[in-house]
Colleague: 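Below you'll find the structure I mean.
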Amino acid sequence: MKILFAASEAYPYIKTGGLGDVIYSMPAALAALGEDVRLILPGYREVMQSMTDAQVVASFEVPGAGVSHRVKILRAVQNPDADYLHLVDIPALFDREGNPYVNQLGHSWPDNAERYAVFSRAVAMFGTLASEVSWRPDVIHCHDWQTGLIPAFLNQMKSQIKTVFTIHNLSYDGYFSHHEFSQLQLPDHWWSPEYIEFYGGFSMIKAGMVFASHVTTVSPTYAREICTPEFGHRYDGVLRHLGNRLSGILNGIDLEVWNPVTDQHIAARYSVNRNRITATRSNKLDLLKQTSLVTDDAPLLGFIGRLVAQKGIDLVMGMLPDLFARSAACVVVLGAGEKIYEQNLLALQQRFPDRLHVHIGYSESLAHKIEAGCDMFLMPSRFEPCGLNQMYSLRYGTPPLVRRTGGLADTVIGVSETTLQNKTANGFMFQQPGIEILLRTTLTALEYYARPRIWQQICRTAMLSDLGWDSSAREYQKLYMTDVEAMP
Ligand code: ADP
Ligand code: GLC
């Protein structure tokens, strides 16, 4: 089948989080199964600059907010490594410095409604008009709110192209005002609760839910959770209404990019059976060299992630003074995000300079070193649609300590008497989010760390976890082939 992936980011071109990783690894997995997959992204400045040999394969006018945009679709036809990639070039909307979604002050770009509505309309037009007649997609697989209007525009165009809409994170929904709705020249009848109107505004993620042939999210547990008020961000009713049009398919990871056997970012390479213990020690020493932490005998705990409430970074900060008082553990944090968390972390580092190392910023290389060099990985997310970092840490034999939610619940098997006995335990888990329970679980994990035989068993089990894309890619294949149920 011909499948067009539409998304707002993709590694290695542009990435702000796990979505970027998945938009690299999922198409690759489907291509490995023989599908004909292409990817379409907005032509951000950074990406356009790296695609010097791109050629225009289509060009048309797309209505925007009160204006019309001349859109060019580019493709690096000559470059076999990048010829699956198409870029939607609209300089007025995407040729700007910095992050795809926010300006230098960290505020959403004021024209985000127009940017992603025009991108979505352009993708729908490209798919349908397919001026490149030889490649017409059978399915457009859309990801997150930035692409939510694609199924809606295809429906308006009465296109036969099937759509799958994947929710990677319901807490980012692309919610805009009535004024923006009117400016964007969207069909009047969409302004209704059955369509995309939502609590007095309109929602692009809801457009994906309402109009796509199938809706998926990135783990079975999150698919169940978002149908409840606690995790549904007010969409639980809409999602429950989808019935079996909604399913949860667990993300895999790219087993080449995250591979301790070949990883060039880390000091010593290893596999589950070769050099594991000695290499882990070298990787820990190498990581410590880049920090202010002095001791290498103490257990080292890592955290990587966007510094937002979702990730429970406030819970980590809340437990650190007690953790440092009651254990010898040291902690390394790599992250960027809300200023308040960044400042509080730096203040804590000043208070405990030899116990806590904080790196504010984004570093792919340091992320690999942390996964390989730490003894344990902290991921106490309040909610987690799938989560990749816990899988990377499993892959590197660094047991994750997580809250039982979303994809964390589907990938980590917490230590208990039974799971130790049947050798399935690959990490540590707690139920309700809270500082006290996080502290207790961490102290318990440190007790296991002090028992080398059991600890090594957990590390080995972690490395043997099944984390690839194979079975999930096959589930997507099945969805692409399933008949479409009636839509509005
Ligand atoms: P989310 O998509 O919610 O941010 P995931 O766990 O799915 O969470 O994916 C996070 C991805 O982003 C991982 O690839 C992780 O390594 C990466 N990441 C997040 N913050 C940083 C950072 N500051 N430096 C390097 N990589 C980061
Ligand atoms: C989102 C989610 C994360 C998930 C990622 C990739 O950013 O927050 O849990 O792993 O998308 O699907």
Side-chain angles (χ1 to χ4, degrees), residues 5 7-12 14-27 29 99-101 141-147 165-173 205 216-223 225-226 231 233 248-254 257-258 263 265 302-313 332-338 341-342 345 357-372 374 377-396 398 400 402-403 405-412 467 469 472 476:
F5 269 65
S8 58
E9 57 180 89
Y11 173 87
I14 183 130
K15 164 178 160 185
T16 70
L19 174 67
D21 288 8
V22 169
I23 302 304
Y24 170 76
S25 58
M26 194 197 292
N99 182 288
Y101 319 119
H141 191 156
C142 311
H143 299 267
D144 270 354
W145 71 263
Q146 295 87 348
T147 62
F165 180 66
T166 297
I167 299 166
H168 292 261
N169 192 334
L170 191 54
S171 71
Y172 302 99
D173 60 353
I205 209 163
T216 70
T217 186
V218 288
S219 70
T221 297
Y222 191 61
E225 287 174 339
I226 54 179
F231 291 92
H233 295 274
I249 301 179
L250 191 67
N251 285 335
I253 62 170
D254 189 289
V257 175
W258 296 91
D263 194 329
H265 295 293
F303 176 99
I304 304 170
R306 294 180 295 112
L307 301 177
V308 294
Q310 175 192 343
K311 301 292 173 183
I313 181 64
V332 183
V333 174
L334 165 63
E338 289 176 25
Y341 295 131
E342 297 186 358
L345 275 167
H357 178 83
V358 177
H359 181 107
I360 300 292
Y362 194 89
S363 166
E364 202 75 41
S365 166
L366 186 56
H368 285 247
K369 286 181 193 295
I370 291 176
E371 297 292 7
C374 283
F377 189 80
L378 298 174
M379 197 154 168
S381 306
R382 290 194 163 75
F383 66 95
E384 196 61 78
C386 178
L388 298 175
N389 276 314
Q390 86 282 9
M391 292 202 258
Y392 299 150
S393 67
L394 289 169
R395 175 100 170 126
Y396 282 69
T398 304
V402 304
R403 178 184 178 210
T405 185
L408 300 174
D410 293 339
T411 51
V412 178
L467 304 167
W469 264 108
S472 296
Y476 279 112

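We're numbering straight along the sequence, starting at 1. What you see is a predicted model, and the numbers here were worked out from it, not measured in a lab. As the structure lists them, so they are numbered: ligands from 1, and atoms in each ligand from 1.
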Colleague: Between Q390 and T411, do the side chains contain a donor N or O and an acceptor N or O under 3.5 Å apart?
Modeller: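 Result is yes, a qualifying pair exists.
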Colleague: More than 12 non-hydrogen atoms from neighbouring residues, nucleotides or ligands closer than 6.0 Å to OH on Y341, yes or no?
Modeller: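 Counting other residues, nucleotides and ligands, OH of Y341 exceeds 12 neighbours.
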Colleague: Regarding atom 15 (C) of ligand 1: of the candidates V22, N389, I253, V308, which has the closest heavy atom?
Modeller: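 Of the listed residues, N389 has the closest heavy atom.
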Colleague: Suppose I only count heavy atoms of G335 and a 4.0 Å limit; which atoms of ligand 1 are within that range?
Modeller: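 Selected atoms, number and element: 23 (N).
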Colleague: Just to be sure I'm reading this right: ignoring hydrogens, which of S25, G18, G387 gets closest to atom 10 (O) of ligand 2? Compare them by their nearest heavy atoms.
Modeller: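 Going through S25, G18, G387 one by one, G387 has the nearest heavy atom to atom 10 (O) of ligand 2.
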Colleague: Return the CD1 to SG distance between I249 and C386, rounded to the nearest 0.5 Å.
Modeller: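 Here the interatomic distance stands at 11.5 Å.
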Colleague: Under 4.0 Å from ligand 2, counting heavy atoms only, is it the side chain of N251, its backbone, both or neither?
Modeller: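 It is the side chain that touches ligand 2; the backbone stays farther off.
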Colleague: Could you tell me if the ring centre of H141 sits under 6.0 Å from that of F165?
Modeller: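 Ring centroids of H141 and F165 are no less than 6.0 Å from each other.
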Colleague: Between the side chains of S8 and Y101, is a donor N or O closer than 3.5 angstrom to an acceptor N or O?
Modeller: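 A pair is found: one side chain offers a donor N or O, the other an acceptor, under 3.5 Å apart.
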Colleague: Would you mind checking which non-hydrogen protein atom is closest to atom 14 (O) of ligand 1, with the distance to 0.1 Å?
Modeller: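 Among all protein heavy atoms, the one nearest atom 14 (O) of ligand 1 is D21 OD2, 2.7 Å.
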Colleague: Can H168 be said to touch ligand 1, with heavy atoms closer than 4.0 Å?
Modeller: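 No, H168 has no heavy atom closer than 4.0 Å to ligand 1.
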Colleague: Counting from 1, what ligand 1 atoms have a heavy atom of G387 closer than 4.0 Å?
Modeller: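 Close to G387: 6 (O), 7 (O).
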Colleague: Using a 4.0 Å cut-off to any heavy atom of N169, which atoms of ligand 2 qualify?
Modeller: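 Heavy-atom distances to N169 below 4.0 Å select 8 (O).
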Colleague: Test Y172 against H233 for ring pair (Phe, Tyr, Trp, His ring centres under 6.0 Å), laying out the working first.
Modeller: CA-CA 9 Å; Y172 302 99; H233 295 274; 8.8 Å; no
Colleague: Quick one: which ligand 1 atoms are inside 4.0 Å of a heavy atom on L334?
Modeller: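 Every atom of ligand 1 under 4.0 Å from some heavy atom of L334: 22 (C), 23 (N), 24 (N), 25 (C).
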Colleague: Which residue and atom name correspond to the protein heavy atom nearest atom 23 (N) of ligand 1, and how close is it?
Modeller: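 Going by distance alone, atom 23 (N) of ligand 1 is nearest to G361 O, 2.8 Å.
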Colleague: Which option wins on minimum heavy-atom distance to atom 12 (O) of ligand 2: R306, M379, H168?
Modeller: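 It is H168 whose heavy atom sits nearest to atom 12 (O) of ligand 2.
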Colleague: Output the distance between atom CD (E384) and atom CD (Q310), rounded to the nearest 0.5 Å.
Modeller: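 The CD atom of E384 sits 4.5 Å away from the CD atom of Q310.
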Colleague: Can you name the closest pair of heavy atoms from I226 and A223 and give their distance?
Modeller: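 Closest pair (atom of I226, atom of A223, distance): CG1-O, 3.5 Å.
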Colleague: Side chains of D21 and Y392: any donor to acceptor distance under 3.5 Å?
Modeller: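 A pair is found: one side chain offers a donor N or O, the other an acceptor, under 3.5 Å apart.
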Colleague: Write out the residue and atom name of the closest protein heavy atom to atom 2 (O) of ligand 1, then the distance separating them to 0.1 Å.
Modeller: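 Minimum-distance protein heavy atom for atom 2 (O) of ligand 1 reads G18 N, 2.6 Å.
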Colleague: Can you label the angle between the H168 ring and the H143 ring as parallel, tilted or perpendicular, going by 30° and 60°?
Modeller: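 Tilted.
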Colleague: Which of the atoms of ligand 2 are close to V22, meaning less than 4.0 Å from one of its heavy atoms?
Modeller: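 Atoms satisfying the 4.0 Å criterion: 6 (C), 12 (O).
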Colleague: What's the shortest heavy-atom distance between G20 and K15, and which atoms?
Modeller: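 Where G20 meets K15 most closely, the heavy atoms are CA-CG, 4.3 Å.
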Colleague: With rounding to the nearest 0.5 Å, note down the distance linking OH in Y24 to CD in E9.
Modeller: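 These two atoms lie 15.5 Å from each other.
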Colleague: Looking at non-hydrogen atoms alone, which of N169, T16, L388 comes nearest to atom 5 (P) of ligand 1?
Modeller: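 Going through N169, T16, L388 one by one, L388 has the nearest heavy atom to atom 5 (P) of ligand 1.
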Colleague: Which atoms form the tightest heavy-atom contact between E225 and F231, and what is the distance?
Modeller: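 Taking E225 first and F231 second, the nearest heavy atoms are O-CB, 3.3 Å.
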Colleague: Out of M391, K311, E384, whose heavy atom is nearest to atom 3 (O) of ligand 1?
Modeller: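 Looking at heavy atoms only, K311 sits closest to atom 3 (O) of ligand 1.
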Colleague: Does Q390 have a heavy atom less than 4.0 Å from any atom of ligand 1?
Modeller: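 For ligand 1, residue contact (heavy atoms, under 4.0 Å) with Q390 is absent.
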Colleague: Quick test of your reading of the structure: of G305, G407, S365, whose heavy atom lies closest to atom 20 (N) of ligand 1?
Modeller: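 Checking each option, the heavy atom nearest atom 20 (N) of ligand 1 is found in G305.
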Colleague: Look at atom 3 (C) of ligand 2 and say which protein heavy atom is nearest, naming residue and atom and giving the distance to 0.1 Å.
Modeller: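 Checking every protein heavy atom, the shortest distance to atom 3 (C) of ligand 2 gives E384 OE2, 3.4 Å.
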Colleague: Is Y392 close enough to touch ligand 1? Criterion: a residue heavy atom under 4.0 Å from a ligand atom.
Modeller: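 Yes; Y392 lies near enough to ligand 1 that a heavy-atom distance drops under 4.0 Å.
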Colleague: Can you list the atoms of ligand 2 that are under 4.0 Å from a heavy atom of Q310?
Modeller: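 Reading through ligand 2 atom by atom, the close ones are 8 (O).
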Colleague: When you measure from the heavy atoms of C386 to every atom of ligand 1, does any distance fall below 4.0 Å?
Modeller: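 Flag not set, C386 not near ligand 1.
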Colleague: Check for me whether G20 has a heavy atom closer than 4.0 Å to any atom of ligand 1.
Modeller: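 Judged by the 4.0 Å heavy-atom criterion, G20 does not count as contacting ligand 1.
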Colleague: Among all protein non-hydrogen atoms, which one is nearest to atom 4 (O) of ligand 1, and what is the separation to 0.1 Å?
Modeller: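 Ranking protein heavy atoms by distance from atom 4 (O) of ligand 1, first comes R306 NE, 2.7 Å.
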Colleague: Tell me which one of Y172, W258, Y362 gets a heavy atom nearest to atom 26 (N) of ligand 1.
Modeller: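 Going through Y172, W258, Y362 one by one, Y362 has the nearest heavy atom to atom 26 (N) of ligand 1.
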Colleague: Y396 vs W258 aromatic rings, parallel, tilted or perpendicular, using cut-offs 30° and 60°?
Modeller: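 Judged by the thresholds at 30° and 60°, the geometry between Y396 and W258 is perpendicular.
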Colleague: Do E371 and T398 pair up side chain to side chain, a donor and an acceptor below 3.5 Å, judged on atom types alone?
Modeller: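 Side chains of E371 and T398: no pair found under 3.5 Å.
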Colleague: Among all protein heavy atoms in this structure, tell me which lies nearest to atom 24 (N) of ligand 1, with the distance rounded to 0.1 Å.
Modeller: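 Nearest protein contact, heavy atoms only, for atom 24 (N) of ligand 1 is S363 N, 3.1 Å.
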